[in-house]
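Counting starts at 1 for both ligands and their atoms, in listed order.
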Amino acid sequence: MSGHVAVVTGGSRGIGRAIVGRLYADGARVVTCGRGDRPAYLPDDVFWRTADVADPGHADRLVAEARQAFGPVSLLVNNAGVLVAKTVADSTDDDWDRLVGVNCRGVFNMARAVLPDMSEHGGVIVNIGSISGVVADFSSALYNASKAFVHALTRSIAVDHGPLVRCNAVLPGWIETDMADEGFDLARDPAAARADAVRRHPLGRFGRPDDIAGIVAWLASDEATWATGQCFTVDGGLTAASPLRPELF
Ligand code: NDP
């Protein structure tokens, strides 16, 4: 990774934190952001900016500052995302603005900001989608739809900006983070819902943030130079299983 200048959005915790740690450990120069203050865990030479990816001005500034610090951005990981746990009927205009602002517009803002340099010097974009953009999680309508947008935008970026730019999406299943807790807290019995969910994973556990950081690092590397425009599901096999109720067989 030592050739990469990487921008990872949403690096303060969860999956983004693991991606920052992995790319940094592998030698990339890393820039990350979130809406809060610089997190204490970050090594001193990781560049932090407080930024809201939903704001096009913040996205442009983040990329310009990354360029100034380290040179043209060669790797963008669009990881920042939010969950609104509601049905369509319950979702408000504010929910739409917040969720679509971060999960859709944020990905667009950041991609648009890096593409001029990447179209000249080459680059890799990895978008964090979700299995929820393929199979609908209950009571997460706007979230599910926003991730389908991310998958489709991934293909368009690959098609429009190859051959110098490669763009892929990683579709995590349930990964142990604050966001996953928020999802399971919706269940009538969160502990029972968790136990049932674990049972449905052929790999017998939930994912860990490092499971996602590993495939992001692979997609960013020269091992993946023939991969573009694809959505890579990394879910412990959850969506490989038939939806029929396993206890009846
Ligand atoms: P977390 O809620 O744990 O972390 C989200 C990160 O995004 C935080 O660093 C947060 O920082 C940042 N963020 C949120 N909004 C913004 C914004 N507007 N601008 C900049 N940064 C922002 O989530 P996860 O780590 O679980 O999720 C990371 C990604 O993975 C998301 O895109 C999510 O949809 C996806 N995903 C997660 C799954 C899971 O099971 N956990 C499953 C499938 C996909 P701050 O709040 O300080 O701004």
Side-chain angles (χ1 to χ4, degrees), residues 7-22 30-42 46 48-63 76-85 95 97-110 113 125-137 140 142-151 153-154 169-186 193-194 197-198 201 205-213 215-216 231-236 238-239:
V7 173
V8 180
T9 63
S12 66
R13 59 174 185 272
I15 294 171
R17 175 177 175 164
I19 295 169
V20 166
R22 173 65 189 263
V30 182
V31 172
T32 189
C33 72
R35 291 163 300 177
D37 292 336
R38 182 186 179 92
Y41 89 86
L42 275 185
V46 170
W48 169 267
R49 265 296 162 268
T50 299
D52 180 349
V53 295
D55 182 326
H58 286 208
D60 288 347
R61 206 158 41 244
L62 180 66
V63 171
L76 168 65
V77 184
N78 272 314
N79 164 76
V82 292
L83 171 67
V84 170
D95 293 331
D97 289 344
R98 193 165 78 85
L99 190 128
V100 173
V102 181
N103 295 11
C104 300
R105 190 167 189 184
V107 173
F108 161 71
N109 285 340
M110 291 300 301
I125 298 177
V126 181
N127 295 323
I128 306 299
S130 174
I131 58 168
S132 312
V134 180
V135 292
D137 277 321
S140 305
L142 295 179
Y143 179 82
N144 297 340
S146 75
K147 291 301 183 176
F149 169 91
V150 170
H151 306 165
L153 194 73
T154 297
V170 174
L171 282 50
W174 288 94
I175 310 296
E176 295 274 20
T177 69
D178 294 350
M179 188 182 283
D181 290 342
E182 218 181 306
F184 278 112
D185 286 347
L186 288 174
R194 276 177 175 276
V198 169
H201 284 70
R205 64 171 175 85
F206 290 127
R208 303 176 189 113
D210 283 342
D211 293 322
I212 303 306
I215 188 163
V216 169
C231 294
F232 292 87
T233 297
V234 186
D235 68 350
L238 178 65
T239 55

[atom]: which protein heavy atom is closest, and how many Å away?
{"atom": "atom 6 (C) of ligand 1", "result": "Gly10 O, 3.7 Å"}
{"atom": "atom 11 (O) of ligand 1", "result": "Ser12 OG, 3.3 Å"}
{"atom": "atom 37 (C) of ligand 1", "result": "Ile15 CD1, 3.7 Å"}
{"atom": "atom 29 (C) of ligand 1", "result": "Asn79 O, 3.1 Å"}
{"atom": "atom 19 (N) of ligand 1", "result": "Val53 N, 3.0 Å"}

Any chance you could lay out the side chain to side chain contact (heavy atoms under 4.5 Å, CB included) test for Asn109 and Asp55, step after step, and finish with the verdict? CA-CA 8 Å; Asn109 285 340; Asp55 182 326; 5.8 Å; no
N/O donor-acceptor pair under 3.5 Å between [X] side chain and [Y] backbone:
{"X": "Thr177", "Y": "Ile15", "result": "no"}
{"X": "Asp52", "Y": "Ala54", "result": "yes"}
{"X": "Asn79", "Y": "Gly10", "result": "yes"}
{"X": "Thr50", "Y": "Gly36", "result": "yes"}
{"X": "Asn144", "Y": "Asp137", "result": "yes"}
{"X": "Ser12", "Y": "Pro39", "result": "no"}
{"X": "Asn103", "Y": "Val82", "result": "yes"}

Between [options], flag the one that comes closest to [atom] by a heavy atom.
{"atom": "atom 42 (C) of ligand 1", "options": "Gly34, Ser130, Gly173", "answer": "Gly173"}
{"atom": "atom 46 (O) of ligand 1", "options": "Arg98, Arg17, Arg35", "answer": "Arg35"}
{"atom": "atom 35 (C) of ligand 1", "options": "Ile128, Thr177, Ile175, Asp52", "answer": "Ile128"}
{"atom": "atom 10 (C) of ligand 1", "options": "Arg105, Glu176, Arg13", "answer": "Arg13"}

Using a strict 4.0 Å cut-off to heavy atoms of [X], name the atoms of ligand 1 that fall inside it.
{"X": "Val82", "result": "14 (C), 15 (N)"}
{"X": "Gly81", "result": "5 (C), 7 (O), 14 (C), 31 (C), 32 (O)"}
{"X": "Trp174", "result": "40 (O)"}
{"X": "Ala80", "result": "7 (O), 13 (N), 21 (N), 22 (C), 32 (O)"}
{"X": "Ala51", "result": "19 (N), 20 (C)"}
{"X": "Gly129", "result": "44 (C)"}

Does only the side chain of Val102 get under 4.0 Å from ligand 1, or the backbone, or both, or neither? Count heavy atoms.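 Answer for Val102: side chain.
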Can a non-hydrogen atom of [X] be found less than 4.0 Å from any atom of ligand 1?
{"X": "Gly36", "answer": "yes"}
{"X": "Glu182", "answer": "no"}
{"X": "Tyr143", "answer": "yes"}
{"X": "Pro209", "answer": "no"}

What residue among Arg208, Arg205, Arg194 forms salt bridge (charged side-chain N to carboxylate O under 4.0 Å, His left out) with Glu176?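 Per the salt bridge (charged side-chain N to carboxylate O under 4.0 Å, His left out) rule, the option paired with Glu176 is Arg194, out of Arg208, Arg205, Arg194.
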Just verifying a value: how many Å separate Ile215 CD1 and Asp210 CG, rounded to the nearest 0.5 Å?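 If I round to the nearest 0.5 Å, the distance is 14.0 Å.
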Would you call the rings of Phe184 and Phe206 parallel, tilted or perpendicular, where under 30° means parallel and over 60° means perpendicular?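 Judged by the thresholds at 30° and 60°, the geometry between Phe184 and Phe206 is tilted.
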Testing the basics here: between Met110 and Asn78, what is the closest heavy-atom pair and its distance to 0.1 Å?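 Residues Met110 and Asn78, closest heavy atoms: CB-OD1, 3.3 Å.
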